[in-house]
Amino acid sequence: MADEEPVDQKKYLEESCKPKCVKPLLEYEACVKRIQGDDHKHCTGQYFDYWFCVDKCVAPKLFPKLK
Amino acid sequence: MAGGGVIRQLLQRKLHSHSIVPSVSSFFNSKKGHEEAGSFGEKSLRALALVGVGLSGLLGTAVVSASDEAEHGLASPTYPWPHSGILSSYDHASIRRGHQVYTQVCASCHSMSLISYRDLVGVAYTEEEAKAMAAEIEVVDGPNDEGEMFTRPGKLSDRFPQPYPNESAARFANGGAYPPDLSLITKARHNGQNYVFALLTGYREPPAGISIREGLHYNPYFPGGAIAMPKMLNDGAVEYEDGTPATEAQVSSHLLISLKRLKVIIILSLASSTSLFMMYIHPYKKKHHYS
């Protein structure tokens, strides 16, 4: 019943939560486009916003999946 | 920015009006009004300098707050730990597996020097199992009757072995970074259990525009973003003795449960031993005064 190659539950849930967090993801990608070529800028803010959204979505679902 | 310009203009106007007065008054009071006339110009200059300092401070804080979020690290989410409820307890199987994770993955760099083998009895292992585990390590003891130190197999009362003899050796072996002792780590970090879990499972590609130097790794949850520890927990990296499938998330959750539970043991034993000590060994009594 256990797979030979167990699939990590967290990665799987993060993928499935992506559609819920489309808005911050688009903001991040827009930022990436904006700063192309500029060495002094970075997109940490948008990156954090996206992952904060994904984490909030994943957290309640994760533990029921873990043994 | 616009506000600064307005302030500058106001001050310049004031300076202009004052610059006429000092020159006129200095002409009349060339002998005794010297200091007064000079102070007008000085005061305005000082005010301008103060405004300049204030402005640069304001602008400076604007820049600092942009990098502030990386300095604090991404906030970790609140996970629904199975032992979170008032009436919930710890799962012994998880604590056992967590300890296995620690010994297989973490113990080569992180000490857990406040925990003894006897703390595992009844929590994760039976007494025989814990005794057998303790006997696998060599402990320096002594001096014996001849005054020499000797090594012997470990006992239940011995603490967990340390990977390095001291902090300098630990730093030297890890590029200058000190792998912290894990005995109380969930208490020693803000939002400890959630933070450590998020950290261990949160190694990701850095955002656009951020590059991490050679030797460090990007982790958004770590304050500053650049952590010396590489990603240690990978799917299938840990083999549990009972054959439970070990994905990264599972391994991390077991590790965190055991870290939290063992921390509770230390704190309780510290508290009880302190109070027992105060009651029986070092009681506070009013000294009898005999006349």
Side-chain angles (χ1 to χ4, degrees), chain A, chain B residues 63 65-84 91 93-94 97 194 197-198 200-212 218-221 224-225 233-240 242-254 256-257:
Chain A
M1 138 189 83
D3 299 344
E4 277 303 320
E5 295 268 339
V7 175
D8 185 47
Q9 298 88 341
K10 192 161 185 250
K11 290 276 173 313
Y12 170 76
L13 282 171
E14 281 172 359
E15 280 300 312
S16 68
C17 277
K18 240 187 188 174
K20 273 201 176 166
C21 296
V22 157
K23 195 160 156 288
L25 182 60
L26 291 176
E27 293 282 333
Y28 175 67
E29 285 171 359
C31 170
V32 174
K33 257 210 184 94
R34 250 194 332 265
I35 69 163
Q36 250 172 15
D38 191 332
D39 274 340
H40 300 289
K41 300 209 168 90
H42 59 88
C43 294
T44 306
Q46 290 86 345
Y47 182 87
F48 274 23
D49 290 338
Y50 169 67
W51 281 110
F52 187 72
C53 171
V54 171
D55 282 342
K56 233 175 32 183
C57 166
V58 167
K61 301 182 186 149
L62 181 60
F63 275 67
K65 283 199 178 281
L66 302 177
K67 280 224 205 99
Chain B
V63 169
S65 65
S67 60
D68 220 13
E69 49 202 357
E71 280 175 25
H72 281 138
L74 178 58
S76 15
T78 308
Y79 292 98
W81 296 96
H83 48 262
S84 299
D91 168 31
S94 294
R97 287 187 210 123
N194 292 319
F197 182 86
L200 291 173
T201 56
Y203 282 87
R204 300 196 180 112
E205 283 300 313
I210 299 283
S211 58
I212 308 290
Y218 183 74
N219 192 307
Y221 303 96
L233 300 176
N234 298 295
D235 296 335
V238 177
E239 282 226 353
Y240 289 133
D242 55 0
T244 318
T247 63
E248 177 190 344
Q250 261 162 350
V251 165
S252 306
S253 71
H254 297 148
L256 262 305
I257 292 175

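Sequence lines set the chain letters: A, B, ... in the order given, protein chains first and strands last, and positions in each chain run from 1.
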Distance check, rounded to the nearest 0.5 Å: B:T247 atom OG1 versus A:K11 atom NZ? 10.0 Å
Whether the B:E69 and A:T44 side chains hold a donor-acceptor pair (N or O, under 3.5 Å, no angle test) is what I'd like checked. no
Please determine, among B:P207, B:G209, B:A198, B:P77, the option with the most heavy-atom pairs under 4.5 Å with chain A. B:P207
Can you tell me if OH on B:Y218 sees more than 12 non-hydrogen neighbours from other groups inside 6.0 Å? yes
Checking A:D55 against B:Y221 for the side chain to side chain contact (heavy atoms under 4.5 Å, CB included) test, could you report, in this order, the C-alpha distance in whole Å, the side-chain angles of both residues, the deciding distance, and whether it holds? CA-CA 12 Å; A:D55 282 342; B:Y221 303 96; 2.4 Å; yes
What is the ring orientation for B:W81 with A:F63, classed by angle as parallel under 30°, tilted 30 to 60°, or perpendicular over 60°? perpendicular
Here the pair of heavy atoms bringing B:P80 nearest to A:A59 is CD-O, 3.3 Å
Correct closest heavy-atom pair for B:A249 and A:Q9 would be CB-OE1, 4.1 Å
Contact summary for B:P220 and A:F48, nearest pair of heavy atoms: O-CZ, 3.7 Å
A quick test of your reading: do over 12 heavy atoms of other residues, nucleotides or ligands sit less than 6.0 Å from NZ of A:K61? yes
Winner by heavy-atom pair count (cut-off under 4.5 Å) against chain A, out of B:T201, B:L74, B:N234: B:L74
Determine the minimum heavy-atom distance between A:V32 and B:A208, stating which atoms define it. CG2-CB, 3.7 Å
Okay, B:S252 and chain A: the region with an atom under 4.5 Å from a heavy atom over there is neither
Contacting moiety of A:E14, where chain B heavy atoms sit under 4.5 Å: side chain
Honestly, the part of A:Y28 sitting under 4.5 Å from a heavy atom of chain B is side chain
